[in-house]
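Below: the structure, in structure tokens.
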2 protein chains.
Amino acid sequence: MATVNPSPGVSRLRVAVPAVATRVASELRLQIAEGALLPGTKLKEEALSEELGVSRNTVREAFAELASERLVVRQPNRGVFVASLEVSDIHDVYAVRRAIEVSAVRGGGSAESIAAVRAAVEEGKRAAEAGDSEGLGSANAHFHGALVAMAGSERLNVIMSQVLAEMRLFFHKASIAGGFYQDYLADNDQICRALEAGDNDLAAERLLSYLARSEEHQTAVHAS
Amino acid sequence: MATVNPSPGVSRLRVAVPAVATRVASELRLQIAEGALLPGTKLKEEALSEELGVSRNTVREAFAELASERLVVRQPNRGVFVASLEVSDIHDVYAVRRAIEVSAVRGGGSAESIAAVRAAVEEGKRAAEAGDSEGLGSANAHFHGALVAMAGSERLNVIMSQVLAEMRLFFHKASIAGGFYQDYLADNDQICRALEAGDNDLAAERLLSYLARSEEHQTAVHAS
DNA sequence: CCGACAGGAATGTTCAACAATTCAACAATC
DNA sequence: GATTGTTGAATTGTTGAACATTCCTGTCGG
């Protein structure tokens, strides 16, 4: 990590950002993920500052944070809007996923990191049995996050978490299309098995095939 | 790209961010890239706001932008500092490069995008003949940027440009180690040739080997 | 029907103030 | 003498208000 302080031993626990703006950003991030704020919704500075009890400047800082994550889009002199992805964005996002996830899988991982992947697979199975489609979705996100985490790169983890957050922007529409997560449970299990067997190339191949199908599915849903 | 405005035809040329804060961020980004602001330097809000003739709030917005690019680090109640990379960051950055660049190379590119790669190679040769080590460095950056551009993904391009900006943070120290760019000119040419011949896997293999050596080199220089 | 124009609303930017935190210097204690 | 309070200056965090600028709308006139 990038540090600067020559004096060692000081607490590194706290997150390196202003507290209030971060909380505001987190709140908005949550509402976007939950679908409470739909894509295209305009976020007015003054209304939000009143509603959350913070100043306009603080709301502004939160906007800057979310904009850097592509969760909101800033239009000069017009305001910020919850990002709404076009079909071309789908391909773009999957290009990032192909690059990052496949690279991590090809590099393999430690026993612990592979165990985390397995845990995400099992989490998905339990959610499926419970008929919890919300839980299925987040288990799937955990699975792919765990894949990337195998690489042990903080930067890749951050990129992946942002990509997953972006994907939630069009998951709401897609999940209406019915239990399509079910089909992916078997895929995840197969990928995980290949990793556990140490056959990273096979895992990568299966992952690529999964990503291709997933992208196709998302594109089809959003072509309407 | 994520858009929202239903009304078509309006100018999409301008960058979707406040103008002044962006200019301040660009100025600081430039000074960091040029080495005028060395890693670890503290950036004081008030001093900068006076010097640049903008308000503290605007400086603050610029800081948020640079922090999201990891060019500066924010320490709560202490201020922002020009990021200084540790040895562990080197490996982390190269993990991102391996993922993104290799993926782009494996996917190949259009004739135009490969021509851009070739152009960067030639740019490097000219700089080498002119003894312009500064130009050699930026040609090398153009080369790797062109590799990623083959994928045609806006997100990957943004990630790559940020990674290249981060690398300049430790290039200043590394370039002292003498004309080590020279060795990479041949590598770049070989990678480009493989691409032109349509042998993407060979190009990817050569790129991986290059990245491994480059990481080793950087690590050695910074181990001191 | 349409272009021009005035008015309103929202954002962009600045300024000034205060609270909270950090840091360095110094005093106090063991 | 070294560690531990304590104090005070300096800097950041946050707020609130003000003004400029831009966009949007709806009306008026041709």
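First the proteins, then the strands, lettered A, B, ... as listed; each starts at 1.
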Only one of B:His144, B:Glu101, B:Glu215 passes side-chain hydrogen bond (donor to acceptor under 3.5 Å, both in side chains) with B:Tyr210; say which it is. B:His144

Distance below 4.0 Å between B:Arg78 side-chain N/O and C:dC23 OP1 or OP2: yes

Separation of atom CG in A:Leu48 from atom C1' in D:dT15, rounded to whole Å: 17 Å

Looking at B:Thr58, I'd like to know whether one of its side-chain N or O atoms comes within less than 4.0 Å of OP1 or OP2 on C:dT14. yes

State whether the distance check finds a donor on one side and an acceptor on the other, under 3.5 Å, for side chain B:Arg56 versus base D:dG13. yes

Separation of C:dG12 P from B:Arg60 CZ (nearest whole Å): 18 Å

Quick one: does any side-chain atom of B:Thr41 pair with a main-chain N or O of B:Leu38 as donor and acceptor, under 3.5 Å? yes

Can a donor-acceptor pair be found between the side chains of A:Glu166 and A:Gln162 at a distance below 3.5 Å? no

Nearest whole angstrom, please: distance from the C1' of C:dA10 to the CZ of A:Phe63. 12 Å

B:Glu45 side chain: which of D:dG13, C:dT14, D:dG16 is closest? D:dG13

Quick one: which of C:dA10, C:dT14, D:dT15 gets closest to the side chain of B:Ser55? C:dT14

Kindly say whether B:Arg213 contributes a backbone atom to a donor-acceptor pair with the side chain of B:His217 at under 3.5 angstrom? no

Return the value, rounded to whole Å, for the distance between atom CZ of B:Arg23 and atom P of C:dG12. 15 Å

What is the separation between atom CD on A:Glu46 and atom C1' on C:dG12, rounded to the nearest whole Å? 14 Å

Between B:Lys42 and B:Asn57, name the one whose nearest nucleotide on DNA chain D is closer to the 5' end. B:Lys42

Between P of D:dT22 and CZ of A:Arg74, the distance in whole Å: 17 Å

Check the distance between C:dT13's P and A:Glu61's CD and give it to me in whole angstrom. 14 Å

Rounded distance in Å - CG (A:Asn77) to P (D:dT22): 7 Å

Do A:Tyr184 and A:Ser214 pair up side chain to side chain, a donor and an acceptor below 3.5 Å, judged on atom types alone? no

